[in-house]
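Input: a single structure, listed below in structure tokens.
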Amino acid sequence: ASTNRYGLVADFNKDFKKGGRTINLGLDVSVSPNPSRNYNRSTGIFYLSPSTSEIDQLRNNQIDNSRSHLYTNYAEPISKKLSLKVNVSGNIINNENALNTFYRNPANQLYDIVVPDLTQTVEQSGFKTNANISLNYKITNDLNIQPGLVHNYISLNNSFGNSADIIQRNNFIWPTFQLRYKIFRFNYSAQFTEPDVSYLQPVADNTNALYIRNGNPNLLPARMQSFSINMYKYDPKSLINYNLYGYGNFTKNGIINTTTISNGVQTINPVNANGIYSINGGANISKDFKKEKTSLKLGVGFWMNFNHSPVIVNNIKSDADVFYLGPNGNVRLNLNDVVEINQSYSVNLNRSHYEDDYYTNLSYNTHQSNSELIIRYPKKVVFETNFTMMINSQKINGYNNNIKLWNAALTYLFMKNDRLQLKLSVNDILQSNVRRNLQITGNRVIDSQSNNLGRYGMLTLTYNIQNFGQKVGGKETFFRF
């Protein structure tokens, strides 16, 4: 499998002689050809209803996504406090999911026997438009409001190689609103979102005999209402920096996966559903303390995410609430750029609650600590090391619940302005060789563990054409390890 994306972006802005009259035109074109070849050979033995299934196939899936986004924004002043805003955008959609499945030929051992029931090409073509007209009213120098109306239209033609086309036309008109008060911003809008072409593929994904994923050609576009809030400020006198942000979506005809379990096999079917919404956000505050050539920075913050959606297993439906909360803190000490010590710590609290007692509420916590030391002494020599520890309360046999990652590097600087840098770095000194990720989705905990390259050393020689004065060392420099 491979993932590629090619894009072209163009933008034009013009200010007219009349103050406040502006126009903006733009184009954003992207093409993403993503071929995938999956060789699958497996034997499944079932005990509840005694049987055996064998798979020996090549699943060749070519997914091509093409999108052209055009937009224009126009502003026309009506008075000193009132102006008209017109924003029009359009998306040309052209996506394809071409699936070809082959069985192995016992005569030549090649995968050249086409399986018609597991072969299908799905094309999704069409366009959608978003036309918004609003009035911006400047109540005071600090307060602006901008109410408006948006018309959304979507036209899709979903064509299938072995069945009739499905044509969809939908539109709606909805209010929009923006508010700006000093450093505070609020925005509310609505739009259509078309289903991903992979959901429309009617041929089942059978690469895992115990987890079959079906498609649904009859999926409808989702209608989404969105809001966002943002607030940011830096006080140079007190050296305090803080920000607050939040986002939310309310979706009609969103897509959820229903699950049917029979004889140990899970079959997944995507369907449209209402009553889906999500809210996420967070806040951060930090303060700098400086005395001569020594500086100390303290910061605390948190992020949260709340998702509400139906979950359906064996036709038992329940509302599911999934909640994430992540408080964090960090300390940075800089002693005249000779010694730097950075320490951060975060906790992720993950919970889910279900309306129906058929489902079991889920809960787990993860902790992560990051430590970094940089020493720029003697002159022209930089030593740096970082240590990460991840602890997880979700205990599964064979999975590492306490992951420790230690990296270190030594850099020697040459030439004027340290333009030439010779660096020896060692990755994963403790040979942990693993990463782990957990996520609650529906009524499941998805617990995945992946292997790193493991311990290795690397010698690099870097010449900077122009050095802009950035200090060498730290995870935020060009070479990360």
Side-chain angles (χ1 to χ4, degrees), residues 1 35-63 97-120 122 162 198-217 255-271 311-318 320 352 354 356-362 364 392 394-401 433-451:
S36 174
R37 294 171 63 88
N38 189 306
Y39 293 90
N40 185 221
R41 188 174 185 178
S42 65
T43 300
I45 302 174
F46 301 90
Y47 297 96
L48 295 177
S49 299
S51 62
T52 301
S53 70
E54 293 188 0
I55 297 176
D56 190 0
Q57 67 182 23
L58 164 62
R59 183 181 171 92
N60 190 356
N61 200 186
Q62 177 73 32
I63 301 174
N97 185 310
L99 174 63
N100 295 279
T101 305
F102 305 88
Y103 284 153
R104 185 196 291 267
N105 190 335
N108 56 21
Q109 298 301 307
L110 299 176
Y111 292 92
D112 58 7
I113 301 177
V114 178
V115 188
D117 292 341
L118 298 178
T119 297
Q120 177 79 272
V122 180
N162 301 330
S198 61
Y199 280 116
L200 303 176
Q201 177 59 263
V203 175
D205 184 350
N206 67 338
T207 51
N208 184 345
L210 302 179
Y211 192 79
I212 308 298
R213 298 186 64 92
N214 292 324
N216 184 353
I255 298 175
I256 66 169
N257 288 321
T258 67
T259 304
T260 302
I261 304 174
S262 177
N263 196 27
V265 178
Q266 297 184 60
T267 303
I268 310 300
N269 294 284
V271 297
V311 59
I312 305 174
V313 177
N314 288 343
N315 293 320
I316 300 176
K317 183 177 180 180
S318 174
S352 68
Y354 305 94
D356 196 296
D357 292 337
Y358 173 80
Y359 300 93
T360 301
N361 295 337
L362 303 173
Y364 69 87
N392 204 300
Q394 181 74 9
K395 297 182 180 180
I396 298 178
N397 291 335
Y399 277 52
N400 191 345
N401 297 311
N433 194 32
V434 68
R435 297 274 184 175
R436 191 176 179 195
N437 181 64
L438 287 93
Q439 182 181 6
I440 296 178
T441 301
N443 66 317
R444 300 171 295 158
V445 175
I446 299 177
D447 194 337
S448 59
Q449 183 169 284
S450 59
N451 293 332

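Keep in mind the model is a prediction, meaning the values are calculated, not measured. What's counted below: heavy atoms across the whole structure, side chains too, no hydrogens, waters or symmetry copies.
A distance of 11.0 Å separates CD1 in I316 from CD1 in I312, rounded to the nearest 0.5 Å. Residue L99 holds its CG atom at 9.5 Å from OG of S36, rounded to the nearest 0.5 Å. Distance check, rounded to the nearest 0.5 Å: CG of N206 to CG of L118 gives 5.5 Å. Taken from CD1 in I268 to OG1 in T260, the straight-line distance is 8.0 Å, to the nearest 0.5 Å. The line from CG of N97 to CD1 of I63 is 4.5 Å long, rounded to the nearest 0.5 Å. I255 CD1 to N216 CG: the interatomic distance, rounded to the nearest 0.5 Å, is 8.5 Å.
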Exercise for the section: Could you check N60 against N100 for side-chain hydrogen bond (donor to acceptor under 3.5 Å, both in side chains), going step by step and ending with a plain yes or no? Expected result: CA-CA 5 Å; N60 190 356; N100 295 279; over 6 Å; no
Practice task
Could you please spell out the steps behind the side chain to side chain contact (heavy atoms under 4.5 Å, CB included) verdict for N257 and R213?
Solution key: CA-CA 9 Å; N257 288 321; R213 298 186 64 92; 3.8 Å; yes
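At least one donor-acceptor pair under 3.5 Å links the side chain of N208 to the backbone N or O of L210. For Q201 (side chain) and S198 (main-chain N/O), no donor-acceptor pair under 3.5 Å exists by modelled atom type.
Within 6.0 Å of OH on Y103 lie no more than 12 heavy atoms contributed by other residues, nucleotides or ligands. The environment of Y199 atom OH is sparse: at most 12 non-hydrogen atoms of other residues, nucleotides or ligands sit within 6.0 angstrom.
Applying side-chain hydrogen bond (donor to acceptor under 3.5 Å, both in side chains) to Y111 and the options D56, T101, N105 leaves one that passes, D56.
In this structure, Y354 has its ring center closer than 6.0 angstrom to the ring center of Y359.
Here N214 pairs with N269 under the side chain to side chain donor-acceptor pair (under 3.5 Å) rule; sequence neighbours left out.
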Can you give each donor-acceptor pair under 3.5 Å made by side-chain atoms of residues 40-48, sequence neighbours left out, with the distance rounded to 0.1 Å?
residue : atom : partner : partner atom : Å
N40     : ND2  : T207    : O            : 3.2

